[in-house]
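Structure first, then comments.
Chain letters run A, B, ... following the sequence lines, proteins first, then strands; residues in each count from 1. Keep in mind it's a predicted model, so treat the numbers as computed, not measured.
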Amino acid sequence: MLRPEETEAISAWVDGESSSMESLEVEKLLSSSAEARDLAEVFRHQKSLLKDDAILQGKKFQWKPQFSTVSWKQSGWSREAWAALCASLATAAVFAIGFRPNTPGSSFFAEGVIADNQVSPASSGFLDRLEGQWIKGDSESLARGGVGRLESFSVEVGSAKPAEQDAPAASRKQDQVAHSLAASRHAIKPPSVVTKDSTSASNSFFMDQQTARKAGESNQVLTQNQQDRVPVNRVSIGDLVPYLAAAPRMVAVLEVDARQPEAMSLKVLDRLAENSIVVGDSAAEIRQNQMIMHQPVHASDVDHQSAFGSSENFAANAVSSMAADANVLDKPLPNARPYRVLVESPEVSPVNEKSSAIVAIYLDVTKSSLARVLTELEQDGLLAEARLRSPLELEPTLELTRSVRTPVDNDFVADLKPATPVAPSESNPQIVAEAAIAMGAPARAGQPLETENVQKSLSEMQPAQEEHFQAGLLNLTERWFTQQISGSPEHGLALAVTENQSAQTTNSMKSANSPERMLRHVQNDITEDQKPEQERVHAPLLVEAVPIPLPQLNYSTGPESGIASESHAGLPRQIAGMATPNQPSLAKRNDPQHLAESPVAAKEQSPSEANLNTSSNGVWNDQTTRQSFALPKLPQLDSGYAYRQAVEFRMPEPRSDAYRALSENHTQRSRNSATMSFHAEPSAGQLPGSNAPMAAALPVPLATPLAAGSISETISALAPENRIFTADQSGENSRSRWIETTLPPEVSDTDRVRLLLILKNQSAKP
Amino acid sequence: MQTLTDEELIQAAQTGHTEGFTLLVRRYEQRLFRSMTRISGSPEDAEDICQEAFTRAWRAISKFRGESQFYSWVFRIALNLLRSSKRQLKASVSLDAVRDAIGDDLEDQRADVDPSHSLQVRDQQRVVQAAMDAMEESFRTVLVLTDLEEMSYEEIARVVDCPVGTVRSRIHRARQEFRGRMERLLRQEQRAC
């Protein structure tokens, strides 16, 4: 019988951790004792058992969506998820926080952003290739109903090579057969996005709830049929880690679960107000917040409609046979303002309760405010899922704070931010060529387009835009170079690059958006997070004044769609997005009835808002944080809260409770502000009809309760090139409104996180 | 292309070159996942833990001073996450459930040439994992670190933050307990047959 000391010595001996003296003793013991030999053999066998990977059942570690409620298997987000989100907020420059419609055929996509992507690390573990899909066509083009094209790309470190060429995005007016055929290939809309394989599917972007559930169970993609083929998004922080080197700017997507868009919009706006992110409806607020509020119901091409017998007006858009995966983008409109957002969703049958009305809110906020808002929204159950979007956006194609102009050759270069490492003209011609190849060949003229939402053929696409995006890819490639090469001299990151390239790109690493600076801000944020709120210095995030690539969405909101008519009346409060009685604050604040009775309820309920006031010169002051704001003052940023917001939401149906509540809210806000009065011009006669071109759209009143002055004053208060633009294109029988506001460029600051909140009428169940 | 050492990559990551951290993650993610799966008993939980551990490591990479190996550092982060996770409490596998899952295939432990070998190996591994799950977490950890990770006692001591002598005795006791639990499990299986 072995003594414990002896068995322990044998155990250590098996591990090779015995001293020489002890080893001699153990070997002596082994030679003399069969029990000792058996024990040593048992220990060895145990080691082999534990080394066996069968327990993994072939499973390998894969990054999964950090913020997916499915993956976390809980209704809310964990603290870790939030911490990770905050970390990503600290490093990301651009965030698109949006809602992913859960019905097949509906989708959201941001222009200039990769629609689907995956990372293909090399066997060495180093990220050497990036594959994905993007929607080719800038936001302006797509927003105007221009041609978009979903293309695959493949970019390797130091090179770019063409990926498979995909079917072009289809015209909206494709017949059913053509559409179905096209749907089997890559399309601009998610249902047609064919995932390459299970791996890529796990990294794809779109998913519905059913898919999410299934993905949570099996991490597989639901592909019953083409109509329902909805790739599953599996982009996580882990996925973003490799991207950090490639693109300092990341786009994060938070998915918002909003069951009743009108009510959700009120809730969200309320939450924003509570967090000092007030959606402005006055000139001063607009100056501060850069509000964009519109409903993407645009129709301008009468001929086009008549030719195909259907309306482009979403508000009046009837259900078509292609409803399931119809994408409806706006018509091309001359002189259309840049920030139209296309909302994409399946056309909704009156009998189909799964409507997909979307409310989107774009914000420019500080991280702390954003975190608070998101926390509260999550607590309210409005945020269903958070996803980090690929950061592989190109240089933004639009300036949110400026008027959009038609891109010209090298226009992209002209818009490059300081972080842009190398201008294409300075770059290696080979890179340019490869980048251009990677973009894929332009569509052939007359080539049938796939989705309904695209109104023009690729042949109509402006060549300048082609250049625009090619330059974008070039920039992306060069970023890779920059990031990779910059580490070479100091850290030995060996890459196959030329000295010339290295010289070009190393200098660019000293740009304002360098990782070092990012990291510094991460640390600052972490430090700030650890402080009590009173001691926090609300330093703005390190974000360049980058135009946010507004997403193109389309959705149907007309009476026939059954969306807008789905007011929360008659629905359970929770389904209607209203607070339940056990949510007193919400119930009080968001109940339209309550708001109607007490229009100032929202403000009364908002302590933080009580600290906000607007000075006579319209500068927004946040008294709470002002005293602790210690950073050097920036123009138009005295308070640190000169939020620039771009808000888009669908106006509630007139005469609905939500509409009344919103109107009351607007009225009260205008009333409460001595200097902030929204000037709406009651120029209904100028309203463009539902089919009128956007060029004819003139500033129009938002709503009667908001009419408190002249909108021309608002316009004149803005810079000439930054005027508010409002359009109601459907006249009296439509609730559609489209408002566009731009701010003077000087309002722009480089320290904001841009946020897109998109709320969606998820599934109005009876 | 030369292979960069951990130290070089850490240095790169600390100076903001995120690709350095990316490479570190790629280098160790599967290894950490495997060990965490052994300790937690659940690949799903291990995946969450690994992901969070790397995320935290990234956030704290600037504070990493190189006093230990990067992997040891990340492992310790993951271990702390595992300990603080409520799911750890549910990681134990019911022996009945294991028995139900295993069925009657465990008698022949030498089924190397059996066509259903792979299946039996999986079943065997379920028993192994059941035995592991029934042990204390500290025992599981040291067993994984020494048998799976093949760390030295000194490294293990740094990870689990205890003296080397304690590690040695703990490993010994863990092995003895693991052996006893395995034997009991197999006896139960035989009786069930």
Side-chain angles (χ1 to χ4, degrees), chain A residues 4 7-8 11-12 15-17 42-43 46-57 59-64 66 71-73 80 83-84 87 121 124-127 236-238 241-242 244-246 483-484 486-487 490-496 514-520 522-523 526, chain B residues 1-4 8-9 11-12 14-23 25-27 29-30 32-34 37-38 41 43-44 46-48 50-52 54-56 58-59 62 81 118 121-122 124-126 128-129 132 143-144 146-148 152-153 168-169 171-173 175-176 178-179 182:
Chain A
T7 58
E8 183 175 325
S11 172
D15 291 331
E17 292 284 345
V42 166
F43 286 161
Q46 287 181 6
K47 291 173 74 78
S48 64
L49 284 176
L50 290 174
K51 283 181 180 176
D52 198 317
D53 285 342
I55 185 64
L56 301 176
Q57 299 174 5
K59 183 177 176 60
K60 287 191 173 182
F61 173 74
Q62 286 186 325
W63 291 97
K64 59 184 180 180
Q66 186 84 4
S71 69
W72 285 95
K73 301 172 183 174
E80 290 78 10
S124 64
F126 194 85
L127 178 66
S236 70
I237 273 190
V241 170
L244 292 174
Q483 297 291 339
Q484 309 298 339
S486 59
E490 295 179 9
H491 308 292
L493 296 176
L495 291 170
S514 65
E516 289 84 353
R517 195 172 165 190
M518 283 291 184
L519 181 60
R520 203 160 53 242
V522 173
Q523 301 307 328
I526 293 172
Chain B
M1 183 179 292
Q2 67 184 84
T3 300
L4 300 177
E8 290 172 320
L9 294 173
Q11 187 183 9
Q14 286 176 334
T15 53
H17 296 276
T18 52
E19 66 272 26
F21 188 79
T22 301
L23 184 51
V25 170
R26 298 299 185 197
R27 184 173 289 179
E29 60 184 6
Q30 298 302 334
L32 182 64
F33 172 64
R34 188 175 65 161
T37 300
R38 270 297 182 202
E44 290 76 20
E47 201 167 46
D48 288 347
C50 291
Q51 184 158 325
E52 181 61 21
F54 281 122
T55 303
R56 292 192 179 193
W58 161 243
R59 295 187 66 191
S62 60
L81 285 170
S118 60
V121 166
R122 281 202 299 272
Q124 182 189 49
Q125 280 300 312
R126 289 196 188 101
V128 169
Q129 193 59 48
M132 285 283 286
L143 276 186
V144 165
T146 186
D147 291 344
L148 188 59
S152 68
Y153 285 4
R168 173 178 160 135
S169 62
I171 290 172
H172 171 241
R173 285 187 287 136
R175 281 185 171 141
Q176 294 284 44
F178 181 74
R179 178 189 183 188
M182 283 288 290

B:Met182 versus A:Leu49: any side-chain heavy-atom pair under 4.5 Å?
yes
Which pair of non-hydrogen atoms, one from B:Arg168 and one from A:Ala12, has the smallest distance, and what is that distance?
NH1-CB, 3.6 Å
Is the backbone of A:Leu50 close enough, under 3.5 Å, to the side chain of B:Arg38 for a donor and an acceptor to pair up by distance?
yes
Heavy-atom closest contact (B:Ser152 atom, A:Glu17 atom, distance):
CA-OE2, 3.2 Å
Applying ring-ring contact (aromatic ring centres under 6.0 Å, His included), can you list everything that pairs with B:Phe33, at least two apart in sequence or on another chain?
A:Phe61
Shortest non-hydrogen contact between B:Arg175 and A:Lys47, atoms and distance:
NH2-NZ, 3.6 Å
Let me confirm one number: the CZ-CD1 distance from A:Phe43 to B:Ile171, rounded to the nearest 0.5 Å.
11.0 Å
Measuring heavy-atom distances to chain A, does B:Leu143 have an atom under 4.5 Å in its side chain, in its backbone, in both, or in neither?
both
Partner set under side chain to side chain contact (heavy atoms under 4.5 Å, CB included) for B:Arg34, not counting sequence neighbours:
A:Asp53, A:Leu56, B:Leu148
